[in-house]
Amino acid sequence: MWSAILPILQTIVFPGFLFLIAVSFLYEWLDRKIYAWMQFRAGPVLAGPVGILQPLADFVKLMGKEDITPAYADRRIFGAVPIMMVALIFTFWAVVPVTGSAGLVSFRGDVVFALVSMTFFCMLVFLGGFSSADRFSLLGAERAVLQLLGFEIPLMLSLTGVCIHTGSLSLSGIVSWQAENGWTLLGPQAIGFIIFLVAAQAELERIPFDIPEAEQEIVAGWLTEYSGRKLALIRLAKDMELVFVSGLAVALFLGGPVGPSPAGLEWLVYPAYFLIKLALVVAILAFIRGLFARARIDQMVSFGLRYLVPISLAQVAATILWRLA
Amino acid sequence: MGIIDWAFRKSPWILHFNTGSCNGCDIEIFATLTPKYDVERLGALLKGSPRHADILVVSGPVTRQASGRILRIYEQMPDPKKVVAVGTCCISGGVFSNGGKGPCYNVYPGLDSLVPVDAYVPGCPPKPEAILDGISKVAKKAGVGCK
Ligand code: SF4
């Protein structure tokens with residue numbers, strides 16, 4: 001009986017859907033607070049203690065607002081995109097290790113599986129912008145796909161270095177390799193980590209790569225026509241994607257949730273390690289967001305292809321030589 | 001007070017529209033976003049798209065040329081929505097009201113002759129504190145129950 005209920009509870013409560021939603025609200029708040037702190041502002045303070053309920057307030061408010069579908073939009077795709085985005089991240093969250101070296105599901109090649117999610121997300125962005133039948137949305141959608149060209153190859157190459165280094169194509173293999181070898185991955189793969197963070201920033205459409213929704217140029221980019229419930233779901237999906245990508249970075253470069261712990265307390269200590277490391281990655285991403293100004297789309301693509309690709313190729317070559325030696 | 005009303009009060013997103021202001025009011029509105037005043041404390045974000053916004057903040061005299069656009073932007077916003085008129089020009093026509101004898105030939109006698117206004121922030125230009133006060137008062141009124 002218990003063994004039948006446990007997987008369902010794991011999927012729905014912890015470390016599945018509800019945990020993911022709670023964590024993504026928490027880290028959106030953290031991101032906004034750090035961003036505000038870097039600009040000498042206070043950030044949200046009134047919703048709950050130190051404003052911690054602000055993302056929840058935003059979500060509930062958007063849920064309660066009128067939901068407008070433009071007259072010329074492709075209704076079915078326009079309405080399906082937000083739901084599909086949330087479903088996509090829920091699905092891919094299952095491979096991220098939270099409570100141990102393996103996620104809810106773990107199989108050989110789940111690193112590639114996790115990478116595919118980013119391309120899928122970008123395709124959904126394109127569909128959402130394309131089906132809105134609005135010139136700003138269309139421009140934003142176009143830019144999102146162009147941006148994908150710029151950051152996808154360096155992202156994959158940065159993960160290739162890790163996979164060759166550890167000799168494993170599964171997240172659980174990479175996490176347990178790091179646990180066995182004393183968490184020494186970040187030293188030799190530091191360049192890969194930096195490239196992963198830069199590419200993640202582009203994937204998450206945050207400053208300096210928020211080109212697909214550049215507010216001063218194209219209103220709100222591909223999001224322009226979304227309102228009410230659909231916008232709430234899209235914002236939730238974007239927050240969850242932030243947690244998902246940071247969780248990947250934690251598992252791949254920072255050793256995942258596994259660490260020294262008193263015997264028998266792993267179920268409590270490992271998620272705590274995970275949340276602390278996640279906060280670290282989110283803080284780095286928030287720092288990048290606060291420090292830079294937006295790049296142009298051509299600058300972004302040429303930066304990706306001209307600098308990030310050769311650097312990550314060199315990293316992969318060095319890793320291969322190290323493996324052979 | 002339900003959770004939805006609470007959320008509406010804690011998250012007023014702003015859209016700023018300039019109907020022909022001299023930029024005095026605009027500078028003061030943007031001052032509310034700066035570190036000293038920081039409207040994000042109230043949970044407010046400045047949004048670019050009318051579809052995302054809850055509060056329309058209008059500055060400047062409503063000229064005939066801008067009147068069509070302001071109506072369109074107002075109609076593009078999802079319900080429930082609020083409007084704040086910032087500056088004397090926006091409230092009554094101000095210096096363009098021909099010495100109180102009625103507005104100039106190209107200016108409407110105030111924003112409320114076009115769209116319903118929820119808060120008036122007088123001044124030429126009003127202080128950022130006053131604008132913050134207007135926004136927070138409108139946010140307090142917000143909620144599904146009181147459209
Ligand atoms: S109220 Fe004063 S500052 Fe504001 S737009 Fe009119 S003239 Fe300019």
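The figures that follow rest on heavy atoms only: side chains count, while hydrogens, waters and symmetry mates do not. Letters go in sequence order (proteins before strands), and every chain restarts at 1.
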- Message: For A:Tyr226, is there any backbone N or O sitting under 3.5 Å from a side-chain donor or acceptor partner on B:His52?
- Response: yes
- Message: Treating A:Glu66 as the side-chain partner and B:Asp79 as the backbone partner, does any N or O pair qualify as donor plus acceptor under 3.5 Å?
- Response: yes
- Item | CZ/A:Arg229: more than 12 non-hydrogen atoms of other groups inside 6.0 Å | no
- Message: Quick check on the interface: out of A:Ile68, A:Leu223, A:Leu56, who has the most heavy-atom pairs with chain B under 4.5 Å?
- Response: A:Ile68
- Item | Reported CE-to-OG distance for the pair B:Met77 and A:Ser227, which is rounded to 0.5 angstrom | 11.0 Å
- Query: Closest heavy-atom contact between A:Ala220 and B:Ser49?
  - Reply: CB-CB, 4.1 Å
- Determine whether more than 12 heavy atoms belonging to other residues, nucleotides or ligands lie under 6.0 Å from atom OH of A:Tyr72. no
- Who wins among A:Thr224, A:Val219, A:Asp67 for the most heavy-atom pairs under 4.5 Å with chain B? A:Thr224
- Query: Are the side chains of A:Pro44 and B:Arg41 in touch, meaning some heavy atoms are under 4.5 Å apart?
  - Reply: no
- Message: Treating B:Asp38 as the side-chain partner and A:Arg41 as the backbone partner, does any N or O pair qualify as donor plus acceptor under 3.5 Å?
- Response: no
- Should the heavy atoms of other residues, nucleotides or ligands under 6.0 Å from CZ of A:Phe90 be counted, would the total exceed 12? yes
- Query: Is there a side-chain contact (heavy atoms from CB on, under 4.5 Å) between B:Trp6 and A:Leu53 once you walk through the steps?
  - Reply: CA-CA 11 Å; B:Trp6 168 82; A:Leu53 295 179; 3.8 Å; yes
- Between B:Ala7 and A:Ala57, which heavy-atom pair has the shortest distance, and what is it? CB-O, 3.4 Å
- Task: Identify which part of B:Lys36 has an atom lying under 4.5 Å from any heavy atom of chain A, answering side chain, backbone, both or neither.
- Result: neither
- Would you check if the side chain of A:Gln54 reaches a backbone N or O of B:Lys10 as a donor-acceptor pair within less than 3.5 Å? yes
- Measure across A:Lys65 and B:Ala53 and return the closest heavy-atom pair with its distance rounded to 0.1 Å. NZ-O, 3.3 Å
- Query: Taking atom CG of A:Leu46 and atom OG of B:Ser136, what is their separation to the nearest 0.5 Å?
  - Reply: 9.5 Å
- Query: Would one find more than 12 heavy atoms of other residues, nucleotides or ligands at under 6.0 Å from atom CZ of A:Phe78?
  - Reply: yes
- Can you establish whether the number of heavy atoms outside B:Arg64 located under 6.0 Å from its atom CZ is more than 12? yes
- Query: Relative to chain B, which segment of A:Ile218 carries a heavy atom at a distance below 4.5 Å: side chain, backbone, both, or neither?
  - Reply: neither
- Query: Do we get A:Lys61 above B:Trp13's six-membered ring, with its NZ or CZ under 6.0 Å from the centre and within 45° of the axis?
  - Reply: yes
- Note on the structure: Under 4.5 Å to a heavy atom of chain A? For B:Leu45 that would be side chain
